[in-house]
Amino acid sequence: MDYLSIASIVCAAFAVSFGAIGPALAEGRAVAAAMDAIARQPEAANTISRTLFVGLAMIETTAIYCLVISLLLLFANPLLA
Amino acid sequence: MNSPLESAALFYIGPVAITQAIVMTWVIMAVLVIGAYLLTRRLSLHPSKRQVALELLVDTLDTQIRETTGAAPAPYRGFIGTLFVFILVANWSSLIPGVEPPTAKLETDAALAALVFFSVIWFGVRGAGVGGYLRSFAMPNPVMIPLNMLESVTRVFSMFVRLFGNVMSGVFVIGIVASLAGLLVPIPLMALDLLTGLVQAYIFAVLAMVFIAATVEEGAHGPADPDPETSLQKKDS
Amino acid sequence: MNFDFWGLGLQALNAVILIWLLSRVFWRPVAAAITRRQAAAQTLLGDAKATQDKADAALAELTAARAGIAAERDKVLAEAKDAALAIKADAQSEAHAQAETIMAAARSDMAREADTARETMNAQAGELAVDIARKLLGELPGEAVQAAFLQKLTDAIGDLPAQDRAALVAAKRVDLMCPADPSADAKTEITSAVQQALGEAVVLNFVTDPALIAGYELRSDHFVLHNSWQADLAAILKEMRHAD
């Protein structure tokens, strides 16, 4: 197996794993803050949870970016073409 | 395993390769238009349950647009609403076995993002004039012109990749799990996919609305919040 | 990876067509329906408001009319009360006045009757007294009384003012009234006494009048000298009447 292929696979795995760490921490903080806000103001729970979902999707997008990069490395690697 | 980034052509019409996503888009279009036609055939002053549901949908959309932009929702209703409905139906079409949602393909998402890009220009020129639209690049100050121009492309590219990545990853993961573990195992992932599809459709529509509104406002009145993400937060909080 | 720009264009076209179709078929009709219903609801609300206003106005009118009726009733009652009071007062005052008139008339009648009765009684009493006196005096001895009266006559002539005496003297005929026909001696005696008192010679024409009871009186055409019981009694009677 070509070392380029090995490097691509390893890099794809790194991209996904490290790309998951940041969004995981960020989502944890966002959910904690949202819980705090809901505990303080239960009457605003609807708005807060809607904003939380949108925000979580936004944060998750960074992980998706990493996934896309890893897929590009795996399936559309210009060096392997 | 097939690459999720590629799509095989079913047949060709001239130079245009007709893929499964395009056919699926046509199906969705037909279903939506015929369904809408059937649903809106008999609208009256004394609404049936069906009409009440439709009006609730439109009213909710209007409320969202008004809360996001503070403008009258009528000009944007068709564009934003259709974007949301089409992306939602496309995302959820993955529930049908053997169907790959068109939004899981690069071309469809790129086309939607390009539509948003051009609609920002269209609504910006329509709302503030050509000068107003061009002035919106100089907000908050002329130093920002190159960054704003770059941002106007990258934000729609971000939308494109976000929508594509989410839907495609959902379909991809479900495919992998189904091929590895069996028939019923991916059901929780499919449920998660439903939620993701709804949220992504909502985000896509809201972001399009925010971009349009920001451009119109900046062109007409001066500086508004140029950052779509903070605008979104400000709206929702 | 192959990015198909034909596919992108086709999908964009599809999306534009879908947006157009849905705008025509879905968004605009539903929004129009919403607007129409809102307008209808507004119209209905306006109608309801108008009807409500009308009803309120009618109610207010009714209330005002009722209040007017009550006020009118009060007024009529008050008027009737006033009229009754006035009639009562009139009747009372009239009755008072009539009673006063009747009482006054009765009082005056009584007073007049009493006066008349007293006068009559006085007159009767006076006449009775005069009769009694006349009878009593008639029983007195005539000669002595006549002599006393002659003396009184001469004194009275002496007391007369000169003018009267001259008038008496100048009179052509002087009547001397006597209660009874005097004798010749008495006539001469009287004539001499009178002449002596007058100081002039007068012709005395003796006239008999029993009404004098007693006494002598001189009468000429212009002059009367009372000197008799009759005159005295008449004077007393007159005084008694005046005293009332």
Side-chain angles (χ1 to χ4, degrees), chain B residues 3-7 9 12-19 21-22 25-26 28-30 32-41 43-47 51 54-55 57-59 61-62 73-74 77-83 85-87 102 105-115 118-119, chain C residues 1-70:
Chain B
S3 162
L5 304 179
E6 306 201 6
S7 49
Y12 287 87
I13 299 177
V16 184
I18 303 300
T19 60
I22 293 173
T25 304
W26 287 340
I28 291 171
M29 283 169 64
L32 282 180
V33 172
I34 293 171
Y37 173 72
L38 290 178
L39 284 173
T40 59
R41 234 185 344 177
L43 295 178
S44 65
L45 279 180
H46 300 282
Q51 186 179 343
L54 295 180
E55 289 184 3
L57 179 67
V58 175
D59 201 42
L61 176 69
D62 282 2
R77 192 190 292 128
F79 179 67
I80 303 295
T82 309
L83 272 185
V85 170
F86 174 70
I87 295 172
K105 292 298 174 191
L106 284 169
E107 287 84 3
T108 314
D109 295 332
L112 293 175
L115 275 184
F118 289 114
S119 73
Chain C
M1 172 177 172
N2 56 339
F3 191 82
D4 187 5
F5 283 94
W6 282 111
L8 188 152
L10 190 57
Q11 288 293 62
L13 185 66
N14 284 341
V16 169
I17 291 172
L18 182 67
I19 288 165
W20 180 65
L21 280 177
L22 278 191
S23 288
R24 277 189 66 87
V25 171
F26 188 72
W27 302 110
R28 275 183 220 157
V30 176
I34 292 176
T35 314
R36 212 163 50 226
R37 239 212 356 273
Q38 279 173 348
Q42 280 301 324
T43 314
L44 272 180
L45 277 179
D47 286 356
K49 183 86 171 62
T51 312
Q52 172 89 45
D53 286 350
K54 218 182 286 177
D56 282 350
L59 186 65
E61 214 169 291
L62 206 65
T63 313
R66 204 182 294 158
I69 288 172

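Just so we're on the same page: letters track the sequence lines, and every chain starts at 1. These values consider heavy atoms only, across backbone and side chains, with no hydrogens, waters or symmetry-generated copies.
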For the residue pair B:Val85 and C:Leu18, establish whether any side-chain heavy-atom pair is separated by less than 4.5 Å.
no
Residue pair C:Phe26 / B:Leu57, side-chain heavy-atom distance below 4.5 Å
yes
Of the backbone (N, CA, C, O) and the side chain (C-beta and beyond), which part of B:Leu61 lies under 4.5 Å from a heavy atom of chain C, both, or neither?
side chain
Region of B:Leu32 in contact with chain C, defined by heavy-atom distances below 4.5 Å
both
Gap separating the [atom1] atom of [X] from the [atom2] atom of [Y], nearest 0.5 angstrom:
| X | Y | atom1 | atom2 | value |
| --- | --- | --- | --- | --- |
| B:Asp109 | C:Gln11 | CG | CD | 9.0 Å |
| B:Thr25 | C:Leu10 | OG1 | CG | 8.0 Å |
| C:Leu22 | B:Phe86 | CG | CZ | 10.5 Å |

Is it the backbone or the side chain of C:Ala33 that comes under 4.5 Å from a heavy atom of chain B, or both, or neither?
both
Counting only heavy atoms closer than 4.5 Å, note whether C:Ile34 contacts chain B via side chain, backbone, both or neither.
both
Heavy-atom count check: over 12 atoms from other residues, nucleotides or ligands less than 6.0 Å from C:Arg36 CZ?
yes
Provide the closest heavy-atom pair for C:Ser23 versus B:Gly78 in the form atom of the first, atom of the second, distance.
OG-CA, 3.5 Å
On a heavy-atom basis, the closest approach of C:Leu8 and B:Ala110 is CD1-CB, 3.4 Å
Taking B:Glu107 for the side chain and C:Asp4 for the main chain, is one N or O donor matched with an acceptor at less than 3.5 Å?
yes
Taking B:Thr40 for the side chain and C:Val25 for the main chain, is one N or O donor matched with an acceptor at less than 3.5 Å?
yes
At a heavy-atom distance under 4.5 Å, which candidate from [options] has the highest pair count against chain C?
| options | answer |
| --- | --- |
| B:Phe118, B:Trp26, B:Phe79 | B:Trp26 |
| B:Val33, B:Leu83, B:Ile22 | B:Ile22 |
| B:Met29, B:Lys105, B:Arg41, B:Gln51 | B:Met29 |

Going by atom types only, do C:Trp27 and B:Thr82 share a side-chain donor-acceptor pair under 3.5 Å?
yes
B:Arg77 vs C:Arg28, side-chain contact (heavy atoms from CB on, under 4.5 Å): CA-CA, chis, key distance, verdict
CA-CA 9 Å; B:Arg77 192 190 292 128; C:Arg28 275 183 220 157; 5.6 Å; no
